[in-house]
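Since the structure comes first, as structure tokens, the remarks are kept for the end.
Given the structure is predicted, the values throughout are model-derived calculations rather than measurements.
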Amino acid sequence: MLDHMTKDPQAPRLARLAALIADETRAACLLALLDGRAWTAGELARHAGVAASTLSEHLGKLVAGGLLTEERQGRHRYVRLADARVAHLVEDLAAQVAPEVVPRPRNLRESSAGSAMARGRTCYDHLAGRLGIAVTDALTSRRLLRQDTGFALTDAGLAWFEATGISLDRKGRRPLARACLDWTERRPHLAGVAGAALCRHALAEGWCVRIGSERAVKVTATGERVLTELLGIDAATLH
């Protein structure tokens with residue numbers, strides 16, 4: 001009977017992808033690159049706590065495997081996540097392994113950084129943390145976003161984005177709205193074209209500003225007023 005069974009051709013490719021991620025140093029690099037920026041090899045080496053030569057070997061594997069893209073500027077080598085698909089894969093995996101009990105921070109700086117990330121951050125190119133959940137919940141409660149059969153903008157939602165001045169590019173293959181599991185809140189927040197456009201607009205209009213060297217963002221006074229006016233979000237939930 002076994003002679004007539006055919007192995008799924010996807011199996012070897014899936015195994016190679018899993019092997020690429022199944023290394024602590026490479027995993028640390030992928031998580032760091034969720035901020036959407038291009039990092040130098042030196043910055044990633046310091047972040048991962050390994051020698052530059054060791055990190056270079058890991059980056060070569062990630063680039064060859066299609067998870068990262070690279071470019072060179074002078075003597076610097078920059079890398080970033082290949083695309084949104086890779087970012088979603090990394091974030092989804094991180095959400096699956098996030099501990100139920102968060103380890104106690106070792107110092108005040110670590111505690112402040114962790115609190116900031118949980119309060120609001122970018123997940124590659126969209127908003128996450130309590131801020132991302134608050135925006136997603138507000139869009140849903142106002143019937144601008146549906147979650148009952150997967151994430152989808154309603155006609156009212158499309159009109160809301162247009163009226164708010166947030167342009168949505170619907171020409172590409174990327175989903176207009178997509179659920180992304182939040183690894184701190186353990187609930188889905190809005191990703192996809194709409195999530196990315198909303199995040200871009202929030203940063204460009206000064207509703208949010210980046211803080212620190214990680215992915216954390218903070219809602220400004222302007223952002224509190226606008227989000228309250230546009231979506232009825234209680235400013236207290238943004239702190």
Legend entry - Derivation and outcome, side-chain contact (heavy atoms from CB on, under 4.5 Å), residues Leu55 and Cys29: CA-CA 9 Å; Leu55 196 281; Cys29 292; 3.4 Å; yes
Would you give the length of the straight line joining atom [atom1] of [X] to atom [atom2] of [Y], rounded to the nearest 0.5 angstrom?
X: Tyr124; Y: Arg85; atom1: OH; atom2: CZ; answer: 10.5 Å
X: Ser56; Y: Arg77; atom1: OG; atom2: CZ; answer: 4.5 Å
X: Arg16; Y: Lys61; atom1: CZ; atom2: NZ; answer: 14.5 Å
X: Phe161; Y: Leu139; atom1: CZ; atom2: CG; answer: 6.0 Å
X: Thr69; Y: Asp83; atom1: OG1; atom2: CG; answer: 8.5 Å
X: Glu70; Y: Arg80; atom1: CD; atom2: CZ; answer: 12.5 Å

Hphob cluster co-occupancy, [X] + [Y], side-chain heavy atoms under 4.5 angstrom:
X: Tyr78; Y: Val50; value: no
X: Leu34; Y: Leu181; value: no
X: Leu62; Y: Trp39; value: yes

So, do [X] and [Y] sit near enough that their side-chain heavy atoms are less than 4.5 Å apart?
X: Trp207; Y: Leu198; answer: yes
X: Val217; Y: Val209; answer: no
X: Leu89; Y: Leu30; answer: no
X: Pro188; Y: Cys180; answer: no
X: Leu176; Y: Arg170; answer: yes

Between the main-chain N or O of [Y] and the side-chain N or O of [X], is there a donor-acceptor pair closer than 3.5 Å?
X: Asp155; Y: Leu158; result: no
X: Asp23; Y: Arg26; result: yes
X: Arg119; Y: Lys218; result: no
X: Glu43; Y: Thr40; result: yes
X: His88; Y: Ala84; result: yes
X: Asp125; Y: Ala196; result: no
X: Thr140; Y: Thr136; result: yes
X: Thr154; Y: Gly157; result: yes

Inset, instruction - Check the pair Leu127 / His189 against side-chain contact (heavy atoms from CB on, under 4.5 Å), numbers first and verdict last. - result: CA-CA 8 Å; Leu127 297 173; His189 56 244; over 6 Å; no
Inset, instruction - Output, in order, the C-alpha distance, side-chain angles, deciding distance and verdict of side-chain contact (heavy atoms from CB on, under 4.5 Å) for Val86 and Leu68. - result: CA-CA 8 Å; Val86 175; Leu68 300 184; 5.9 Å; no
Legend entry - Residues Leu93, Ile21; criterion side-chain contact (heavy atoms from CB on, under 4.5 Å); working and verdict: CA-CA 10 Å; Leu93 287 173; Ile21 302 173; 3.9 Å; yes
Review item, side-chain donor-acceptor pairs of residues 221-231, under 3.5 Å, at least two apart:
unit_1 : atom_1 : unit_2 : atom_2 : d
Glu224 : OE2    : His239 : NE2    : 2.7
Thr228 : OG1    : Glu224 : O      : 2.7
Thr228 : OG1    : Ile233 : O      : 2.9

Legend entry - Electrostatic pair Asp169:Lys171 at N-O distance under 4.0 angstrom: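 Looking at Asp169 and Lys171, the cut-off is not met.
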Legend entry - Asp92/Arg178 salt bridge by N-O under 4.0 Å criterion: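 A salt bridge links Arg178 with Asp92.
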What are the two closest non-hydrogen atoms of [X] and [Y], and how far apart are they?
X: Asp182; Y: Gly129; answer: OD2-N, 2.7 Å
X: Thr164; Y: His201; answer: O-NE2, 3.7 Å
X: Ala194; Y: Leu153; answer: CB-CD1, 3.9 Å
X: Ala48; Y: Ala28; answer: CB-CB, 4.4 Å
X: Cys123; Y: Ala128; answer: CB-CB, 3.8 Å

Inset, instruction - Among Leu131, Thr122, Val135, find the residue that satisfies the side chain to side chain contact (heavy atoms under 4.5 Å, CB included) test when tested with Cys199. - result: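 For Cys199, the side chain to side chain contact (heavy atoms under 4.5 Å, CB included) check succeeds only for Thr122.
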Legend entry - Pair listing, salt bridge (Lys or Arg N to Asp or Glu O under 4.0 Å) test, anchored in residues 137-147, at least two apart: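 The answer is Asp137-Arg187, Arg146-Asp148.
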